[in-house]
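One structure below.
Note that the numbering runs from 1 along the sequence shown for the chain. Whatever order the structure lists them in is the order used to number ligands and atoms, beginning at 1.
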Amino acid sequence: MQENISAPKSEKPEKKKIIFSGIQPTGVMTLGNYLGAVRNWGPLQEEYNCAYSIVNMHAITVRQNPKELRENTIKAYALLLACGIDPKKSIAFIQSHVKTHAELAWVLNCYTQFGELSRMTQFKDKSAKHADNINAGLFTYPSLMAADILLYNTDLVPVGIDQKQHIELARNIAERFNGLYSNTFKVPEPYIPKLGAKIMSLSDPTKKMSKSDENPNSFVAILDSEDTIIKKFKRAVTDSEAEVVYREGKDGINNLMSIYSSVTGKSFEEIEHEFDGRGYGDFKLAVGTAVAEHLRPVREEFARLMDDKAYLEQCYKDGAEKALAISQRMLDKVYKKLGFVL
Ligand code: TYM
């Protein structure tokens, strides 16, 4: 993706592996999105060639207000940079700016089976939730996601656990295409963090934390104020015991411990020790305070970037240009193999 220009000519430069991931600009970015995915994207830039996208084309599979979608896309892009994605190190772009995504998605639709798409749990969940708008885009959403990934010769896709099934489908599509037309796509692997891969709702810890939850106390938004974050954690549903230990059946406490561990770096053992003999009130306050503190620099950087729209525009235009150059090569290769006249 980016040339390794510093290696001496005589030695073959070791090729960096390629990372691709994306996030939808719907509503607000939650602590789940952050801990499960986005916070890991920045550190990966040092070791890998990374491309990250604000996937606004995926977002319209559910009805969106145009003005809000436009604003949320810019905000999501600014938030991506505020979370540590450096547009000089990585390719950071808005999906609809790079036409190859829709083009390859159409091709992949013709190599994806109805039965495969019917088995996707996200499709089942979303069609139950939006029963009045079960559109074809919602159904073929995973083919567009496969296109996003396969266009860049991606090795690894850093995501939360809920996206694993979509990546497995992308692998199947890639293998099927390769089988029919000889080796074309690299077969990607999901890259799921050990901690934070599934952050649960604060009001119902048996459910995934989700920005589309009707109860705003169920999720923490990255841009929530310090007070709001602390308040939400104080209200978090736990259990009737008073023991901060990680144990099966203690969903609420397990979730809070995972969050606390993710933002402080403390092990579960250390956390159990720290709160030994102390009540849940103390623990919840500590988690809320640690999260609010951890997110402070992100909030501050976000505010600074939103004041510099010209810079943001320059970054996403530049990102789109780089993404198009790479992905067009892959699309041409695919078109050639299919027998399209070039
Ligand atoms: P999206 O926008 O729903 O979520 C973005 C990322 O956040 C992760 N995530 C979570 N992780 C832990 N706990 C949670 N409660 C939680 N909620 C969300 C998601 O796993 C995801 O990594 N289809 C994707 C976007 C996409 C994409 C791609 C991802 C489109 N094309 C190509 C990777 C590669 C989605 O809807 O993510």
Side-chain angles (χ1 to χ4, degrees), residues 18-41 44 50-62 64 69 72-73 76-77 79-80 83 85 91 93-96 98 101-102 104-105 108 120-123 125-126 129 137-138 140-152 154-171 173-174 188-213 218-222 251 254-255 258-259 262 323 327:
I18 297 167
I19 292 240
F20 183 95
S21 202
I23 181 164
Q24 297 193 61
T26 42
V28 289
M29 192 196 287
T30 68
L31 189 62
N33 297 133
Y34 178 77
L35 295 179
V38 181
R39 77 101 56 118
N40 306 315
W41 296 354
L44 293 168
C50 303
Y52 298 119
S53 185
I54 303 300
V55 292
N56 53 350
M57 287 159 63
H58 279 93
I60 61 162
T61 54
V62 169
Q64 301 291 332
L69 181 60
N72 285 340
T73 302
Y77 189 87
L79 205 43
L80 204 63
C83 288
I85 282 90
I91 300 176
F93 67 101
I94 296 169
Q95 188 184 30
S96 63
V98 185
H101 289 243
L104 183 63
L108 299 184
M120 295 294 111
T121 51
Q122 187 170 302
F123 171 68
D125 292 349
K126 284 204 175 172
K129 207 164 175 187
L138 191 65
T140 62
Y141 177 115
S143 318
L144 176 59
M145 182 160 159
D148 298 340
I149 297 167
L150 300 179
L151 277 170
Y152 298 89
T154 302
D155 293 285
L156 298 169
V157 189
V159 284
I161 206 119
D162 63 329
Q163 294 302 315
K164 191 165 173 242
Q165 196 186 29
H166 288 158
I167 297 168
E168 276 160 7
L169 180 54
R171 287 170 59 84
I173 298 171
E189 301 270 353
Y191 192 67
I192 295 168
K194 283 205 180 75
L195 197 64
K198 191 172 186 188
I199 298 296
M200 309 308 279
S201 152
L202 296 185
S203 54
D204 177 358
T206 60
K207 266 177 30 193
K208 186 186 79 161
M209 182 182 283
S210 164
K211 53 188 148 196
S212 56
D213 201 309
S218 71
F219 61 83
V220 167
I222 301 305
D251 297 327
N254 295 350
N255 190 38
S258 300
I259 294 172
S262 291
S327 57

Which atom pairs, nitrogen or oxygen on both sides, join ligand 1 and the protein at under 3.5 angstrom?
| unit_1 | atom_1 | unit_2 | atom_2 | d |
| --- | --- | --- | --- | --- |
| ligand 1 | 2 (O) | Gln24 | N | 2.9 |
| ligand 1 | 4 (O) | Asn33 | ND2 | 3.2 |
| ligand 1 | 7 (O) | Asn33 | ND2 | 3.1 |
| ligand 1 | 11 (N) | Gly32 | O | 3.1 |
| ligand 1 | 13 (N) | Ile199 | N | 2.8 |
| ligand 1 | 15 (N) | Ile199 | O | 2.8 |
| ligand 1 | 15 (N) | Met209 | O | 3.0 |
| ligand 1 | 20 (O) | Gly160 | N | 2.9 |
| ligand 1 | 20 (O) | Gly160 | O | 3.4 |
| ligand 1 | 20 (O) | Asp162 | OD1 | 2.4 |
| ligand 1 | 22 (O) | Gly160 | N | 3.2 |
| ligand 1 | 23 (N) | Tyr141 | OH | 2.6 |
| ligand 1 | 23 (N) | Gln163 | OE1 | 3.0 |
| ligand 1 | 31 (N) | Asp148 | OD2 | 2.6 |
| ligand 1 | 36 (O) | Gln24 | NE2 | 2.8 |
| ligand 1 | 36 (O) | Tyr141 | OH | 2.6 |

Which distance, rounded to the nearest 0.5 Å, do you find between the OH of Tyr77 and the CG of Leu79? 12.5 Å
Tested for side-chain contact (heavy atoms from CB on, under 4.5 Å) against Val220, the lone hit among Thr30, Leu202, Ile259 is Leu202
Sub-3.5 Å donor-acceptor pair from the side chain of Thr154 to the main-chain atoms of Leu156, do we have one? no
Do Lys208 and Asp162 meet the salt-bridge criterion of a basic N to acidic O distance under 4.0 Å? yes
May I ask you to decide if the ring planes of Tyr52 and Trp41 are parallel, tilted or perpendicular, using 30° and 60° as cut-offs? parallel
Describe, in one word, how the ring planes of His101 and Tyr152 are oriented to each other, choosing from parallel (under 30°), tilted (30 to 60°) and perpendicular (over 60°). tilted
